[in-house]
Protein chains: 2
Amino acid sequence: MTRAAPYDRDKTLDRAMQLFWSKGYHATSLKDLEAALDMRPGSIYAAFKSKDTLFRLALERYHARMAEVFEEKLAETESPLQALADWLRLHVERRLRDPAPPACMLAKTSLELADVPGEAGAEARAYLRRVGERFAEVFALARARGELPDSADPERLARLLQAKIMGLTVFLQRETDPEVLLMLADDMAREVLALGHAGTGAPAEHARQG
Amino acid sequence: MTRAAPYDRDKTLDRAMQLFWSKGYHATSLKDLEAALDMRPGSIYAAFKSKDTLFRLALERYHARMAEVFEEKLAETESPLQALADWLRLHVERRLRDPAPPACMLAKTSLELADVPGEAGAEARAYLRRVGERFAEVFALARARGELPDSADPERLARLLQAKIMGLTVFLQRETDPEVLLMLADDMAREVLALGHAGTGAPAEHARQG
DNA sequence: GACTCTTTTGAGCATTCGCTCAAATTACGA
DNA sequence: TCGTAATTTGAGCGAATGCTCAAAAGAGTC
């Protein structure tokens, strides 16, 4: 090796992720990327091959970051159900503090690149599927610990939760009042915790197996 | 007047809506529109002024269509709560039958045009706000009829419901199994109906006022 | 300092973008 | 049948798009 790349690949990918996350794939031009990464076109293509590839690296990074925060919360909380509820609230609190885009990048991409040829849209949907599977594992764990009735269907609960979360992040885009948003996250968190109180034959017995 | 336009403006707008709905704003080129509307660029600009204007007309149309179906269901059902639940299921059933794009065009647009200058994104968010207000009216009606406890907060319930619906439509994009989707709609419908059984001091007392 | 290998540079490619406008076409009244 | 005004046409505009590549610049070895 005779010359090291002067840029920090990690920070560069972070900036690309931030930009793509906020503007989406199509609305982000190479001029935008050149400015954000402080690199000239040739360097960008030498380092990342194409706009498409760079976008997919940004997607992968986004997924990894989100999973990291989630697993952290899960590890530090006794009850899996409580961890899900806490994470929901934490998610909104973070978005109120950070200048990060409010909506989920995976959901955004899945929608933007729905009928557009290319792998990026399908890739985003694959990541979403993995997130859903992880939620199902957590619900299964909760059931094994007796937090959920035996009749509970982890996959079904996971889909319901994931749909709610994606809806929450879409909602974050149109609403800015912190109080309202925290209330919404709280309502969803309560619905998760209420699953634990069910199985008594009482109300809120949605999402049973079969 | 000496020459009538040969095209049917209503059908033309429908086709434009379908195209924008499915591909989004940026991924839809004028070439695509020319083909879908069977019009040459000059005619399109004479009739609709610009791509942006045409897109906003498509948005308006989408909102009107959705509102129409909703109001119809509401009018034909005794209980407002039941109407909401039925409409939720109806929505998914329709998407399974029709070849229409699965995701809500308003949510899609709100996300795609989040950080992009222009009015279209804000307009989509304004329509979403109107939908939310309508939901709140329906919940208020349910409360007035005694279907909900006096302590219920219609606006809060409306936000929760709307977030769930948007999440549902995002979910529709990644999942295609009809059984799974109907199950999900059913779970959400049940959560709406469960609100009616609350107020007994039992579980599922989320979304109270204050 | 000269040589080598790697990386950056940026002018500029081909293509596509949204859009315009002078000319051709059409349907009506006289 | 003709004149007229509204409408359609499509070649093509200027600008922007994603991207390339020959040349320049830098970091290491001797």
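All heavy atoms count here, side chains included; hydrogens, waters and symmetry mates do not. Because the structure is predicted, anything quoted here is derived from the model rather than measured. Quick note on labels: first sequence line is chain A, next is B, and so on, each numbered from 1.
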Can you tell me the distance, in whole Å, between the [atom1] atom of [X] and the [atom2] atom of [N]?
X: B:Glu34; N: D:dG10; atom1: CD; atom2: P; result: 10 Å
X: B:Arg9; N: D:dT7; atom1: CZ; atom2: C1'; result: 14 Å
X: A:Lys31; N: D:dA15; atom1: NZ; atom2: C1'; result: 11 Å
X: A:Leu54; N: D:dG18; atom1: CG; atom2: C1'; result: 13 Å
X: B:Leu37; N: D:dT8; atom1: CG; atom2: P; result: 12 Å
X: B:Leu30; N: C:dG18; atom1: CG; atom2: C1'; result: 5 Å
X: B:His26; N: C:dG18; atom1: NE2; atom2: P; result: 9 Å

Can a side-chain donor-acceptor contact be found between A:Arg61 and A:Gln18 if the only test is distance below 3.5 angstrom? no

B:Val180 backbone acceptor or donor facing B:Glu175 side chain under 3.5 Å: no

Set out, in order, the CA-CA distance, both residues' side-chain angles and the distance that settles side chain to side chain contact (heavy atoms under 4.5 Å, CB included) for B:Met166 and B:Val170, then state yes or no. CA-CA 6 Å; B:Met166 292 193 297; B:Val170 177; 5.6 Å; no

Tell me which residues in residues 38-53 of chain A lie within less than 4.0 Å of DNA chain C, going by non-hydrogen atoms. A:Arg40, A:Pro41, A:Gly42, A:Ser43

Enumerate the residue pairs fulfilling ring-ring contact (aromatic ring centres under 6.0 Å, His included) with a member in residues 154-176 of chain A, sequence neighbours excluded, ordered by first and then second residue. none

Charged tip of B:Lys51 within 45° of B:Phe20 ring normal and under 6.0 Å: no

Student check: side-chain heavy atoms of A:Glu60 and A:Tyr127 closer than 4.5 Å: yes

